[in-house]
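Shown next, in structure tokens, is the structure this report addresses.
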Amino acid sequence: MKLSRRDFLKLSAASAALASAGCSAPREPIVPYAMQPEMTLPGVPRFYASAASFVGAAEGVLVESNTGRPTKVEGNAAHPGSLGATSVHGQASVLQLWDPERSQAPRRMRQPAAREQFESELNEALVRLEARRGAGLRVLTPTVVSPTLQSQLVELAARLPEARVHRWDPLNRDATHEGARLAFGRALEPIYRLEDSRAVLSLDCRFMEDEPGRLNYIRQYARSRSPKPQSMGRLYVLESAPSLAGAMADHCYAMPLAEIERWLLAFANAPAADRTMRAIADDLKKNRGLILAGEGLSPWAHALVYRLNHELGAPVALIDPIDPYPQPHAQSISDLAQAMHAGEVELLVIVEGNPGYDAPADLDFAAGLARVPLSVHLSLYDDETSARCTWHLPATHYLEHWSDARAFDGTAAIVQPLIAPLYGGVSPHEIVSLLLRRPQSGYESVRGRWKAIDWEAALRKGVVENTAFPPVKAALRTVALPTPKEPAAWSVRLVPDSSVLDGRFANNAWLQELPRPDTKITWGNAALISADSARQLEVESGDVLEINTHGATIHVPACVVPGHPEKSVTIALGYGRARAGRVGNGAGCDAYPLRLSDSLWSADATSIHKTGSRQALATTQNHARMEGRGHAKHIALADLIGQARAFEDETPEHSLYPAWPYDSYRWAMSINLNTCVGCNACTIACQAENNIPTVGKDEVIAGREMHWIRVDRYFEDRRTLFMPVPCMHCENAPCEYVCPVGAPVHDSEGLNLQVYNRCVGTRFCSQNCPYKVRRFNFLQYSKDDEPLKAQKNPEVTVRMRGVMEKCTYCLQRITRARIEADKENRRMRDGEVVTACQAACPAGAIVFGDLADEQSQVALAKRSPLKYDLLAELNTRPRTSYEGRVVNPNPELDNG
Amino acid sequence: MSAALYGVMAEFKHAEALLGAARAARAAGYERVEAYSPFPVEGLAQAVGFRRNWVPAIVFVAGLLGAIGGYFMQWYSAVVSYPINSGGKPAHSWPEFIPVTFELTVLAGAVVGFLGMLLLNGLPKLYHPVFNVPEFDLASRNRFFLCLRAAEPRRARQFLGALEPLGIWDVPQ
Amino acid sequence: MQVFSPVAVLFLKIAALAGVAAITVGATALYKFLPAPGGEVSPAQPIPFSHQHHVGDDGIDCRYCHYSVEKSSFAGIPATQVCMTCHSQLFTDAPVLAPLRESARTGQPLRWTRVHKLPGFVFFDHSIHVAKGVGCVECHGRVDKMPRIRRVASLEMQWCLGCHRDPAPHLRPPAEVFDLAAPRPGRDVQDGLMKTLHIASVRRLTDCSTCHR
Amino acid sequence: MAELRGDIAAPLRRWSYASVSDKIADLVLTRPAHWPWLAGFAVTFAGSALFFGAIAYLFVKGVGIFGINIPVAWGFAIANFVWWIGIGHAGTFISAILLLLRQKWRTSINRFAEAMTLFAAGIAGLFPILHLGRPWFFYWLAPYPNVMELWPQWRSALVWDIFAISTYLIVSLLFWYAGLIPDLATLRDRATSRAKRVAYGLFALGWRGEARHWARHESLYLLLAGLATPLVVSVHSVVSLDFAICIVPGYHSTVFPPYFVAGALFSGFAMVLTLAIPMRHFFRLEDFITLRHLENSAKVLLACGWLVAYGYFIETFTAYYSGDPYEIAMVQDRLAGFYAPFYWFLLLCNVLAPQVFWWRRARRSVWLLFAMSIVVNLGMWTERAVIVIQSMHHDFMPSAWGNFIPTAWDWTLLLGSIAFFAFLFLLFLRFLPAISISEMRELVHEEKHA
């Protein structure tokens with residue numbers, strides 16, 4: 001009688017949980033607390049507000065804790081960087097916390113060593129350096145979003161004036177800030193108010209995935225898409241690499257970066273000369289246009305965009321950067337590398353980041369590091385940089401430490417720990433306090449920084465009131481515009497990966513297995529290439545390309561993507577890691593060798609050719625065309641006006657059998673394709689909530705991924721259409737009547753249930769599911785590993801092999817709400833049940849609720865003229881329905 | 001001695017001889033006549049006094065009960081015991097109860113019919129007096145036997161001898 | 001040729017009967033020998049805790065120890081400190097309480113043996129049952145008469161269904177939910193409770209999703 | 001009563017009750033195992049060991065060892081199941097339907113065809129269990145009182161399957177055994193060693209050939225044939241419903257029941273030939289299994305080939321006639337998609353190749369018949385696999401499309417099941433009369449008096 005996981009989770013006190021792990025007793029133990037912690041009730045989850053930073057700004061989170069274990073991350077509606085939504089990284093961060101391969105002990109020259117030894121070595125060095133006012137001490141950090149850490153670093157500079165603090169963040173804002181420096185004479189950060197503009201032109205700006213305000217911007221974008229002629233916005237996108245914005249654009253033009261810059265110059269100088277430019281320029285002028293510039297563009301292009309926005313009166317505010325570092329990161333790390341090579345660095349403290357892997361290739365950072373007598377690396381993993389440093393210290397995860405963080409608009413939030421450091425990690429504040437020779441806990445540092453605020457309220461709410469940066473009034477200067485360089489024959493565009501970003505999430509299986517939005521590739525990257533270019537090189541998806549640039553050669557499999565710019569390949573950074581861990585090692589290919597400090601986002605290729613070898617791409621969707629089947633429907637705004645129904649209802653009117661009566665709640669979901677940007681937050685939120693296992697690259701190739709809600713992506717009519725597909729909860733469910741044991745059945749509220757403990761695994765249900773949303777545990781995918789199992793949601797059964805599973809409409813959440821309502825003898829209210837996918841969605845594209853309540857959000861959505869049922873003609877009567885997408889092309893332009 | 005005798009047995013070479021002998025025995029007033037043949041001989045059963053064959057009736061009744069029981073089982077479990085909404089179909093989805101009903105009809109008819117056949121034939125009966133006659137081994141090969149049960153042995157031998165058999169044997173009990 | 005003598009046939013018949021008997025006896029013995037599906041009915045505990053003494057004699061309310069029964073799915077098992085509220089004064093040197101004192105001293109929790117165990121795929125919630133007038137005694141029996149706690153219900157699905165298919169006879173006024181000795185009220189009272197407590201329809205109560213997810 | 005044709009009857013006149021009994025019984029009782037049997041036994045024993053080894057591995061690891069996925073969640077296991085159960089149809093067809101039709105020529109082939117049926121149906125019955133995700137719970141498909149108060153879900157074709165196949169297995173077993181009882185008595189009476197006499201004696205149940213016994217036996221045999229006739233039609237119809245009640249194009253088809261039954265006979269007769277031809281050769285049974293028998297089987301193959309051809313045609317026709325875009329896309333994919341080579345291969349094997357049997361010389365060429373029987377078996381297996389797999393790999397949602405690629409374990413279980421089947425058949429040849437002795441005696445009797 002093996003200890004069952006759920007009982008284990010439910011009953012073990014947090015303190016006893018890890019101690020008693022893995023014990024297999026003939027009798028099941030029931031372990032109470034010795035000392036009852038305050039405010040905990042076993043079996044009742046609690047939520048704590050905190051903040052997580054992934055792309056250079058904080059996203060507010062509410063973290064669910066079950067008997068002391070953080071299990072799930074939700075968005076914080078009060079936080080401007082979240083607005084209630086979460087990014088895929090926010091969702092996956094909880095898995096990172098429990099990653100068994102996180103570094104668990106300090107290491108000296110790769111060997112486990114005692115922390116005391118580290119402190120004494122550090123102190124010894126510091127004593128020596130202090131005598132020289134810090135000369136020889138260098139600190140390297142990624143973007144610092146923590147005001148407390150900023151103050152600590154300022155204090156360090158004051159104490160040791162000869163010491164230097166460097167920045168290197170692979171996802172830096174150099175171009176944006178340098179552009180502002182050109183335009184205004186100081187580094188500034190633009191804050192877009194997309195919803196105030198009815199015509200947005202994005203110049204390669206990846207504002208839905210990589211910009212610090214991404215969640216906020218997606219929400220704003222979604223709001224701007226209300227399909228009304230007076231208010232609906234229009235989005236023009238010029239992109240050098242597939243992006244979510246490009247997929248959502250009403251007009252999307254793909255061209256390499258250099259071409260975009262040339263286009264911008266022409267657009268700024270003589271928009272009337274070209275029909276497209278003229279139409280866009282007119283639209284921008286008429287409709288409070290806004291231009292967004294991406295990090296890939298040169299500073300001068302940014303400066304030009306600042307000027308054009310100014311001329312347009314665009315809804316954009318300028319604020320001080322949330323990390324007020326005076327230098328571009330590329331410059332800063334170059335200086336550091338130079339100093340290291342020159343032997344000027346005696347003590348280097350790298351506070352997070354992984355420059356040994358991701359520093360610009362031309363700096364030869366690793367070799368420089370070898371010349372530093374005492375180097376210290378603080379990081380979550382014992383990674384590539386750790387291996388080259390004298391010391392490696394395990395860092396604390398953000399769910400383990402006290403800190404603070406600013407959102408993209410400057411709003412501060414307190415980062416509070418939900419669990420004591422699992423492996424005795426050190427927080428950035430603590431290590432800097434060691435450098436200050438005034439050892440302090442993180443809590444003391446952070447509390448000390450925020451003396452004047454209502455601390456309790458800030459913790460409860462998850463934001464510190466009134467800390468957003470005020471807009472800056474800055475005068476424009478004239479900018480000398482260069483003659484743009486001739487584009488190279490072939491260029492390589494480097495982009496942060498939507499899953500692993502710069503590589504820091506490489507060991508996160510959820511993110512690795514999350515299909516990348518544009519390619520549906522998992523477990524790796526590829527050289528994205530247009531169909532025409534692929535034909536030219538005679539390659540197909542999966543053929544390995546050899547790419548040569550000045551000084552570097554990489555091998556990477558090609559992946560043909562319709563709508564990709566010609567003569568260009570896009571490669572995501574963050575792969576090919578050697579010391580990521582068992583999950584991340586060897587996934588994909590490393591594109592950092594192509595990345596130079598003077599050209600962070602693109603490289604000119606001297607040659608690209610096919611090698612002849614092949615590498616299977618683990619894609620979750622192998623067929624990108626819809627074959628005219630109209631699953632993901634869309635309609636032009638002009639065609640929608642005056643229509644009661646945008647799409648014909650093909651549900652057969654008659655049924656042989658009478659319909660079952662539903663006299664209680666009637667759960668239903670509506671998914672709005674008009675606002676869905678395809679970011680995958682729903683998929684990964686569902687994975688976190690519902691204990692969905694990952695299966696690994698080989699199993700994905702075999703076609704066995706487990707996601708309960710997948711985001712289909714079709715290329716149709718020169719558009720990219722996204723379509724999240726969960727279980728449809730059909731009233732006439734084809735899956736049910738074929739099951740010999742009645743494992744899939746309906747309940748009285750219309751949920752299509754899958755009773756795992758009844759399932760014998762005939763897979764008949766999946767065979768008969770026209771939507772193919774059922775997932776099968778072909779092998780034992782759910783592992784019972786410590787400490788990963790601590791992440792599991794105790795309210796959801798962990799499925800064993802041989803069992804079918806699928807979306808349950810978050811039955812556990814319905815049940816919880818029902819029990820609370822029943823205790824109060826009332827009906828559940830609209831909005832009381834929020835599914836995991838719905839909660840995570842930055843666009844608010846998913847609504848869920850009770851159809852029996854005519855006023856519920858979902859009932860409202862079902863009355864929308866855009867509503868349609870997927871495969872309605874099969875008479876499955878799905879409870880999940882869609883609202884079709886509305887595109888708003890400019891009538892002056894023909895590609896739409 | 002005669003009390004321990006099961007009967008008197010005669011061996012014949014041909015089915016026709018056996019048939020004739022059986023008829024003659026019955027005509028001669030022998031009530032308990034048994035005829036053994038290596039394959040079914042048409043008319044032989046009637047010749048030895050076989051009247052009523054219950055096997056078809058057994059099969060019919062069993063099949064009927066199988067059908068009723070099979071349908072009842074499905075109706076009871078799906079409508080009464082635990083009605084569950086499966087795919088929006090009514091609890092009493094009678095068209096879909098037909099295949100199992102049919103299969104159970106056949107199953108019950110076949111199994112009960114087979115058991116009934118054995119029972120009526122008094123099988124299995126591993127020990128039987130006729131096996132005491134060594135020549136009876138040929139009854140499953142090429143010879144035909146007539147056995148007059150518990151008749152007065154001398155008269156029976158005489159009677160059988162008149163039928164020109166290949167041989168005559170006493171069948172000990 | 002006679003292959004089987006009458007004695008051999010007799011022997012075969014006896015052997016067949018003996019075989020059937022052996023299988024029956026063996027299966028029964030195996031069934032008895034294997035532990036009940038829910039584990040031992042009344043296993044030994046690290047401390048011979050007596051509900052009879054604490055509930056029956058001392059009259060301590062269920063909720064004193066099972067503190068979360070009204071709020072959570074899990075009824076709650078008392079922390080050592082709860083035991084010590086009394087036992088720091090009473091029976092302070094009783095040998096049977098040595099593990100308790102040890103736990104209080106070291107902070108290591110006591111490890112009781114589970115008596116009421118449900119499979120991992122069954123999600124039972126104490127709070128809703130208590131709120132809807134299902135008395136403790138319905139499932140746990142007269143624990144106030146149990147020197148050593150013992151499972152009185154099978155906890156099998158058919159046992160759960162028995163109540164979910166016809167809840168009325170198992171209801172009592174909310175005030176009497178924690179009263180183990182109070183008799184069940186009459187049927188008319190129970191029918192009234194069905195309405196005032198808004199007990200869900202039998203269809204809802206027998207939905208698979210009520211207990212499995 | 002249909003009289004025997006001369007070319008079947010003529011050789012029989014050479015035989016007497018005694019010689020025919022001795023010839024068939026001695027194959028079992030006295031003839032020593034010679035090298036072809038021993039070699040076959042060794043090979044099939046090894047194959048069976050592999051089969052069960054693979055099953056053990058399957059139970060340890062799970063069905064993920066196969067190439068199945070979502071969308072193609074059914075693979076070889078189901079194709080094998082349908083194929084084997086189809087093969088298992090010929091025996092009962094020959095025994096029951098030809099008995100009712102008074103086709104006397106069936107006598108010399110019904111016994112081993114029934115054995116083939118039993119083994120094939122038994123192996124077929126294994127596959128649905130092997131392909132379960134949690135095979136140890138297969139008994140949940142059967143109705144029995146339980147503490148969960150749950151029942152099988154009667155609307156599922158898989159439940160019908162369980163009933164149809166178990167009924168078919170039991171009825172076929174009874175039918176076969178009922179026919180065997182008199183022959184077991186012959187073996188008992190003819191065996192020279194005590195062990196054999198006891199063994200055969202036990203199973204002969206003390207049969208002594210009394211006239212009343214024969215009468216009841218004959219009537220039961222006929223009734224069983226009467227019951228088995230609709231049963232044999234129902235079984236493959238029910239199997240076809242596993243697909244036809246689905247809504248997926250390629251599965252959802254009203255022509256499936258007759259088309260599956262025809263396909264079953266097709267593969268069944270092919271397998272009868274595959275077994276009969278070597279058997280008659282090695283055991284010198286040419287007088288009993290005559291060229292006429294083989295020729296008749298060839299005609300059946302030709303007829304069945306046309307029946308399945310009709311099925312293929314109707315499937316394609318209805319797809320276009322319906323105008324349903326999903327149906328049409330499925331057919332187009334079948335004809336020109338990823339699995340198209342297999343479809344064309346099965347058309348070649350099942351439709352084109354049997355046309356050679358229009359020529360009498362082909363029907364009477366033993367080795368051509370043997371080769372053709374293998375071709376048809378291959379073709380029919382391919383047909384099952386194409387239906388099971390190709391229909392699923394491109395269904396409604398293009399986003400979910402995917403291919404099934406069989407793994408080594410898929411092949412191991414298929415080939416292993418064939419080896420195990422052959423193994424059982426070889427044992428049958430060694431231990432039981434491959435031709436019904438009592439019915440042959442009856443034939444000899446009838447011929448004498450014809």
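In what follows, chains carry the letters A, B, and so on, assigned in the order in which the sequence lines appear, proteins first and then strands, with residues in each chain numbered from 1.
Residues D:Arg212 and B:Glu34 have side chains in contact (heavy-atom distance under 4.5 Å, counting atoms from C-beta outward). Proximity of D:Met440 to B:Phe39: side-chain heavy atoms (C-beta onward) are nowhere separated by under 4.5 Å. Counting heavy atoms from C-beta outward, D:Phe163 and B:Pro99 have side chains that stay 4.5 Å or more apart. Side-chain contact check for D:Trp154 versus B:Met73: some heavy-atom pair is nearer than 4.5 Å. Within the 4.5 Å cutoff, the side chain of B:Lys125 has no heavy atoms near those of the D:Leu205 side chain. Side-chain contact between B:Ser77 and D:Pro143: absent, with no pair of heavy atoms (C-beta onward) separated by less than 4.5 Å. A 4.5 Å side-chain heavy-atom check between D:Leu150 and B:Tyr82 finds at least one atom pair inside the cut-off. You'll find the side chain of D:Trp214 stays beyond 4.5 Å of the side chain of B:Tyr36, heavy atoms only.
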side-chain contact (heavy atoms from CB on, under 4.5 Å) for D:Thr167 and B:Phe102? Distances and angles first, verdict last.
CA-CA 10 Å; D:Thr167 299; B:Phe102 170 77; over 6 Å; no

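Contact detail for D:Trp160 and B:Glu96: the closest heavy-atom pair is NE1-O, 3.2 Å. Contact record, D:Arg155 with B:Pro90: NH2-O, 3.0 Å, taken as the closest heavy-atom pair. The heavy-atom pair separating B:Val48 from D:Ala211 by the smallest distance is CG2-CB, 4.0 Å.
Residue contact with chain D, scored on non-hydrogen atoms closer than 4.5 Å, is absent for B:Ile98. Heavy atoms of B:Val55 lying under 4.5 Å from chain D belong to its backbone as well as its side chain. In this structure, no portion of D:Ile437 lies under 4.5 Å from any heavy atom of chain B. Looking at D:Leu223, the atoms closer than 4.5 Å to chain B (heavy atoms on both sides) all sit in the side chain, from C-beta outward. Within the 4.5 angstrom heavy-atom criterion, atoms from both the backbone and the side chain of D:Leu227 approach chain B. Both the backbone and the side chain of D:Glu442 come within contact range of chain B, each with at least one heavy atom under 4.5 Å from a heavy atom of that chain. D:Glu210 touches chain B through backbone and side chain together, each having a heavy atom under 4.5 Å away. Using a 4.5 Å cut-off between heavy atoms, D:Pro230 touches chain B through backbone and side chain atoms alike. With a 4.5 angstrom heavy-atom cutoff, D:Leu220 touches chain B via backbone and side-chain atoms both.
Looking only at atom types and distance, the side chain of D:Trp151 has a donor-acceptor partner in the side chain of B:Ser81 under 3.5 Å away. Checked by atom type, the side-chain pair B:Arg141/D:Ser21 shows no donor-acceptor distance below 3.5 Å.
No donor-acceptor distance shorter than 3.5 angstrom exists from the side chain of D:Arg208 to the backbone of B:Ala139, with no hydrogens or angles considered.
Between D:Tyr177 and B:Phe114, the ring planes are tilted. Angles from 30° to 60° get that label.
A salt bridge does not link B:Asp137 to D:Arg188: none of the charged nitrogens lies less than 4.0 Å from a carboxylate oxygen.
Distance CD1/D:Ile181 to CE/B:Met117: 5.0 Å, rounded to 0.5 Å.
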